[in-house]
Structures are given as structure tokens and as C-alpha cells.
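The structure appears right after this line, and notes come after that.
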Amino acid sequence: MTHHISAFYHFMPLTDLEALKTEIEGQARALGINGLLILGPEGINTTCSSPSEENLTRFKAWIIDRFNCPGIRFKDAKSDQPPFRRYKVKVREEICTAGIPGVLPPEGSNRHLTPDEWNRVMEEDPETVLIDTRNWYEYRIGTFRGALNPNIEKFTDFPTYIEKQGIKKDQKMLIFCTGGIRCEKGILDLEQSGYTNVFQLEGGILNYLEQHPNGKFEGECFVFDQRVAVDQDLKPSQRYTLCPHCGQPADVKIDCARCDHPMTICPECSDLPVKAITCSKNCAHQWELHPGRKGNRQIPSFTSNR
Ligand SMILES: [Zn+2]
Ligand SMILES: [Zn+2]
């Protein structure tokens, strides 16, 4: 069955969040929508899905109407497997963690480059600094050719990284992320620190891939649901699963030394002595206690992530 997926965000001041949460959940339930929505005093940020394209379209129309946001950009994709098992609204202070809650990007910002403009700047202005604002494990499985990797664990480390690079305050900087929302805050952060020439990729990598598959973005794009990542055609990753030890994108195939179960683990864990040869936290634990001893699979419902 095809599942229709849409990712979108919108910044706007919101109040009465608990009542709003109930309202959104009710609407999602009525239309059979699954997904995760982050709700905060500064707006909404979500990825959601439905086997019914029509219902997803209705849900989007309701969002536009309810939040009065006709200009909202939906990043759509498809998957044969459901990317979410349920619908959930989480209320948070920030809808994208940047450590500056309550600072809303100005309406009608001209700091966005369309994927076409983005390509043009990269081709015509080789001095431009290109920066991936995502986490290191997202960068590892795919990024723009020539992009700097801040190698950060969390987005709040981003401004500090930029300061350390010694980038001139008027240097042209292009920043990008998965769907665009992190960069909205990234630009504000950088402007507060005195950088005057920062631009972001509108709609993020997901929007870029929709318009330029096999363009300047190389590899796959990590997404925060069951798909793990999407490929150049925005299809669910055929290559990556999630590492059973640490939860990062995994593409190293092993057979568990303890229970012989086939599993795919991540490159980092494949460099660690026990994790490299075990299929799960449990087998790793047992192997540490009794190296060399075989055992049955400990979790009855446990299946290969391959
Ligand atoms: Zn791992
Ligand atoms: Zn095992």
C-alpha cells in the first residue's frame, strides 16, 4: 500500500496550546492521519502520512485554513511502508531546538534561495561557503558537494562552530538542512552574531531533491521516521536501517556471533569490539559477560532490520 507523506512547518505566535493540541489530534484522527507534530508558542513543525492521498490533502487544507498560512510549503513523498504508527502532538517551547525560543523569523524573508537559485549561486560564486546545519550522522550519509560539516551533536552548537571557523562577517554563506526549519533559526542566530550575507535553501534538501534529483546533493537524506532516509527520488532508503546499538544510520551487514541472527549495524559500532559482532544490546551484553558463548535470541519478536 502506498503511504502519502508530507513534511511542513510554519512560524506564527500561538496560545492555548493544550486546547490546540486536542483540536489538531481530533482532526488527524477524523482523517486517519499518522505522524508527529511539534507544537509550540512559535508555530508548528511536522511530518505526517496517510494511505489516503485525499485525506492527506484535506488535512493540509485544514492546516492552511486553521492557521491562516496559504504560503506554507509542503514537502511530499511516498513510501510502501507506513512511516508512522500513530498520530502524536508534542508541545514544546521551541518547534526546532535552537536555544532561542520566541524569536520568530520575519514574515516574507528574502533570505531564501529556491533550488534553482541555489544551484546558480554555487556555480557562479565558488567563494561561497556552504554549510550543513544538520547533525554529523546526517551529513555522513549524504550532503551537498563541498559542504562544511560542523560535526555537531545538536543544533545549539551551530553558532559556536561558525564563530570558530573565522568566516568573515560579510562572507556569503549558504546554509541548509532537511526541510528548512533549522536554517530559519540558524539565519537569525548568525545575524544576531553580525553575519550579514547568509542565505538558506528554501524547503531544505527535501525540496531540492524534488526539483533536482541527482543534482548537487549527493547520497541520501536522513529523515526522522521509519524510512530512516530518502534517496534521490525521495523514496525510502533501500540502503540504511537504524543501528540496533546506537540508533544511527546503519549499512554494515553482520551475523550475530552469539545468536547467528543477521543484522545491519552502523560504521561506528562496527569499529567497536563487541558491538561489531552482535545483533542487539542484549546480545552485546551477554557476549561481554560470556565471550564466545552461543545463545538464543532473547527477544521473541525480534526481527532482522535488513
Ligand atoms: Zn551503531
Ligand atoms: Zn544476537
Side-chain angles (χ1 to χ4, degrees), residues 5 7 36 47 77 79-85 88 90 96-97 132-144 147-158 161 176-179 182 204-206 209 217-232 234-306:
I5 304 160
L36 174 65
T47 304
S79 171
D80 290 335
Q81 302 295 324
F84 300 98
R85 296 187 209 284
K88 202 170 171 58
K90 284 189 185 170
C96 140
T97 311
D132 195 333
T133 67
R134 302 170 305 155
N135 299 329
W136 64 270
Y137 57 86
E138 303 180 76
Y139 175 92
R140 194 188 64 203
I141 68 167
T143 193
F144 280 97
L148 294 179
N149 171 19
N151 208 17
I152 49 179
E153 289 284 346
K154 52 189 191 306
F155 184 67
T156 43
D157 296 335
F158 181 65
Y161 165 81
F176 63 92
C177 61
T178 313
R182 278 192 223 187
I205 298 162
L206 296 177
L209 288 177
F217 185 86
E218 296 177 331
E220 300 194 356
C221 178
F222 187 85
V223 291
F224 294 86
D225 58 57
Q226 308 268 338
R227 292 171 292 168
V228 181
V230 292
D231 66 16
Q232 291 283 334
L234 294 173
K235 297 215 173 75
S237 180
Q238 296 295 307
R239 176 171 172 179
Y240 296 100
T241 53
L242 292 180
C243 178
H245 298 300
C246 70
Q248 264 136 50
D251 64 344
V252 180
K253 293 185 186 340
I254 60 145
D255 288 310
C256 181
R258 180 168 182 274
C259 74
D260 297 322
H261 197 62
M263 188 49 65
T264 307
I265 63 172
C266 79
E268 277 70 35
C269 289
S270 80
D271 280 339
L272 300 172
V274 177
K275 288 177 178 166
I277 53 170
T278 49
C279 73
S280 56
K281 285 189 171 142
N282 187 63
C283 277
H285 178 65
Q286 294 298 329
W287 191 264
E288 269 170 358
L289 293 177
H290 312 288
R293 188 191 289 180
K294 288 280 184 188
N296 293 329
R297 282 176 224 162
Q298 298 293 303
I299 310 158
S301 62
F302 193 68
T303 51
S304 169
N305 67 356
R306 260 184 212 171

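The structure presented is a predicted model; accordingly, all values stated were derived computationally and were not measured. All ligand and atom numbering here is 1-based and tracks the order in the structure.
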**OP:** Would you check if P150 and T133 make a side-chain contact, meaning some heavy-atom pair closer than 4.5 Å?
**Re:**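 P150 vs T133: side chains apart.
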Subject >> C279 SG and C256 SG subtending at the Zn ion (ligand 2) (10° steps) >> reply: 110°
Original post:
Could R182 and E138 be called an ion pair, given the rule that one side-chain N must be under 4.0 Å from one carboxylate O?
Top reply: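 Judged by the 4.0 Å cut-off on N to carboxylate O distance, R182 and E138 do form a salt bridge.
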**OP:** Using a cut-off of strictly less than 2.8 Å, determine whether C259 has an N/O/S atom near the Zn ion (ligand 2).
**Re:** yes
**OP:** Check step by step if salt bridge (Lys or Arg N to Asp or Glu O under 4.0 Å) holds for R140 and E220.
**Re:** CA-CA 9 Å; R140 194 188 64 203; E220 300 194 356; over 6 Å; no
For residues 222-230, which side-chain N or O atoms pair as donor and acceptor with protein atoms under 3.5 Å away, sequence neighbours left out?
unit_1: D225; atom_1: OD1; unit_2: R227; atom_2: N; d: 2.9
unit_1: D225; atom_1: OD1; unit_2: R227; atom_2: NE; d: 3.0
unit_1: D225; atom_1: OD2; unit_2: R227; atom_2: NE; d: 3.4
unit_1: D225; atom_1: OD2; unit_2: R227; atom_2: NH2; d: 2.8
unit_1: Q226; atom_1: OE1; unit_2: R85; atom_2: NH2; d: 3.4

**OP:** For the pair S237 (side chain) and Y240 (backbone), establish whether a donor and an acceptor sit closer than 3.5 Å, ignoring hydrogens and angles.
**Re:**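 Side chain of S237 to backbone of Y240: a pair is present.
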**OP:** Mark yes or no for whether T278, through its side chain, and V274, through its backbone, hold a donor-acceptor pair below 3.5 Å.
**Re:**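 Yes, the answer is positive, given that a donor and an acceptor are paired below the 3.5 Å cut-off.
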Original post:
Do any protein N, O or S atoms sit under 2.8 Å from the Zn ion (ligand 1), and which ones are they?
Top reply: C243 SG, C246 SG, C266 SG, C269 SG
**OP:** Could you walk me through whether H261 and D255 pass the side-chain contact (heavy atoms from CB on, under 4.5 Å) test, one step at a time?
**Re:** CA-CA 5 Å; H261 197 62; D255 288 310; over 6 Å; no
